[in-house]
Amino acid sequence: AIPAQAPAAASSPGAAFDAKYMELRGTGLSTQPSPAQVMARLDELARLRPAGDSVRDLRYRAIYCDWAFDENPGAQLAWADDGLARSRAAHDGEGEANFHYCRAAALETTGAQDQILPEYEAGIAAARRIGDDRLLADGLSLRGGLHSLLGDQARAIPDLVAAQHLYRRGGFKADAEALLLDIAISYRRMGDNAKARDYLQQNEIYASALGDYDQLVANLLQQGYLAEDEDRIDDALALYRRTMVLARERGNDYDIASVQLAMAWPWILRKDYARALALVDAARAGFDALGDRTNDDMLALRRGQAHAGLGRHVLSLSEYALAATALERSDNRRYLALLHRARARSEQALGRDAQAFADLERYIDIRESITSAERSQQAQMLRYQFDNDRELLENERVAREQGLRDRQLQALLQARRWQWTAIALACVLLLLLGALVVRQLVRMRRLHEIATTDPLTGVANRRSIEHLGAKAIAGARAAGQPLCALILDLDHFKSVNDTHGHPCGDKVLARMAHACRDALRHFDLLGRTGGEEFLVLLPDTRMDQAWPIARRLCATVAAIDFDDLAHGLRITVSIGMAELRSADASLHDLVARADAALYQAKGNGRNRIEVGDA
Ligand SMILES: Nc1nc2c(ncn2[C@@H]2O[C@H](COP(=O)(O)OP(=O)(O)OP(=O)(O)O)[C@@H](O)[C@H]2O)c(=O)[nH]1
């Protein structure tokens with residue numbers, strides 16, 4: 001199907017057609033100055049049809065149906081029937097609606113009034129079926145126009161207003177604005193002059209801005225009729241003069257004749273009957289030249305009124321007789337009423353009182369029926385407006401409530417977003433804090449390790465082993481358990497340094513400390529107390545139990561392989577042992593005895609164990 005709006009770029013083969021179609025459906029044809037130019041635009045559209053595109057062909061055929069058969073309703077009807085059959089075969093609702101509307105236009109020209117409404121109804125139904133607002137608006141505006149013409153303004157105005165609303169909503173400004181004129185005419189026909197004036201003024205602004213000649217001429221004539229209805233004779237004349245200038249500029253003979261005819265009435269009201277008669281005669285000549293008979297009734301009525309003004313009542317009556325036949329046929333009751341009143345005056349002037357009386361009676365009857373029809377239509381309209389206003393109020397209320405709900409929801413969502421942001425920030429903060437705490441703990445542990453560990457060997461340093469030793473002694477005392485202390489000292493370590501270098505000595509120390517730690521039990525304590533001197537504390541251990549441990553340590557050290565550092569390098573240790581005594585005041589006393597034993601071991605030849613008992 002054709003998109004509602006013309007595509008921006010002519011990207012697909014149909015895009016150029018669509019753009020042109022939308023243009024012509026808008027004001028593209030109504031603003032063409034001549035039928036030949038209308039046909040030229042239609043030819044352009046025909047050339048843009050993509051080959052084999054049956055839907056776009058139907059669009060072209062529909063617009064052609066509306067515009068190409070000005071003088072030939074028979075051919076138009078046949079064309080519309082053909083289009084309708086094609087649309088049905090293609091299940092194309094848009095085509096169906098279009099061709100129903102076109103059929104109605106043809107029937108209007110042939111004067112088959114009673115068949116028009118069903119065509120509009122069928123078109124409207126098709127448009128509703130496919131949910132096409134613009135087509136629906138087309139149908140409603142056409143049906144509204146017909147109701148208006150038939151005098152049923154209470155039906156006409158809701159249709160026209162609904163159509164205008166749909167056009168506006170769909171962005172079809174030209175169609176919406178053009179409807180202002182139809183709505184104004186409906187209000188004028190219903191006798192609501194204030195509304196009619198309002199709509200006419202709005203439409204005049206639009207039609208002048210657009211330079212839509214037909215619309216502007218129709219508008220100015222309507223404003224003139226309205227001024228007459230309201231006895232604003234000067235205004236009416238001024239409006240007709242403006243219209244005449246436009247019609248002369250355009251060279252539109254039909255419009256010139258129409259304005260001449262319109263101008264006759266204000267001059268009759270001003271009692272310038274000769275001028276009025278001259279205008280009517282000029283108008284009649286104009287219509288005659290065009291072969292137009294549709295204005296014969298009004299021409300005769302105005303001629304009759306002008307003659308009456310000039311005192312030529314017999315002539316008047318013969319004109320009135322002509323007018324009466326035409327007006328009865330067209331059932332134009334407003335003018336029929338005027339005719340009876342005017343005729344009554346001429347008959348009275350000629351002394352035919354009975355006929356004058358009959359005409360006056362008829363005048364009063366028609367006026368009354370017009371007034372009561374206007375009143376009932378206005379009442380219906382008020383009802384319609386009431387319903388409409390109520391619906392509008394209801395819609396506004398719903399929209400307001402919806403707006404409030406939307407705003408509340410937005411606020412809630414915003415609050416949620418803030419909540420989540422706050423939670424996320426708190427999490428980040430907690431994570432940062434956690435990381436800081438962990439870093440601090442690690443740092444503290446490292447500092448503690450640095451403070452308590454000998455960096456070269458990885459075992460407890462002097463300060464730490466002394467602290468642990470004091471605690472172990474306190475523990476042993478509290479539990480009544482034994483405890484032994486061992487002092488290990490590497491033999492001839494100076495010569496290792498001297499022979500293999502200080503770095504080699506460092507490695508020997510480290511390897512030896514590791515080996516000793518591995519040889520001890522998990523609750524034994526080991527620390528480096530000096531250069532090549534280590535202190536071992538054996539909790540819950542008697543001297544007889546300490547012996548095998550000391551021997552194991554000696555053996556372990558002696559068994560360490562240092563070949564990778566220096567070929568054939570072997571190390572031995574001397575150990576001094578002591579057991580805790582109740583008389584020991586502190587670790588110092590215990591260590592002093594072990595130290596003395598070590599001294600003994602060194603003195604006794606090294607690589608041996610001695611027990612301190614002094
Ligand atoms: N490589 C290294 N050598 C150290 C370290 N601390 C002390 N020493 C050395 O250890 C040696 C100790 O020598 P001495 O006290 O004479 O004792 P020794 O040579 O082991 O002889 P005895 O203990 O009598 O068997 C000295 O040469 C110190 O320089 C250390 O951390 N690394």
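Both ligands and their constituent atoms are indexed starting at 1 by order of listing.
Within 4.0 Å of ligand 1, the residues that place a heavy atom are Asp489, Leu490, Asp491, His492, Phe493, Lys494, Asn497, His502, Gly505, Asp506, Leu509, Arg528, Gly531, Glu532, Lys602, Arg606, listed by chain and number.
Screening Arg129, Arg86, Arg59 for a salt bridge (Lys or Arg N to Asp or Glu O under 4.0 Å) involving Asp92 leaves a single residue, Arg59. When Arg49, Arg25, Arg56 are each tested for a salt bridge (Lys or Arg N to Asp or Glu O under 4.0 Å) with Asp18, only one passes: Arg56.
Asp138 and Tyr167 form a side-chain donor-acceptor contact under 3.5 Å, judged by distance and modelled atom types alone.
We find that Glu532 and Lys494 are not joined by a salt bridge, their nearest charged nitrogen and carboxylate oxygen being 4.0 Å or further apart.
By the 6.0 Å and 45° rule, Arg134 stacks over the aromatic ring of Phe172.
Residues satisfying the ring pair (Phe, Tyr, Trp, His ring centres under 6.0 Å) criterion with Tyr120, sequence neighbours excluded, are absent altogether.
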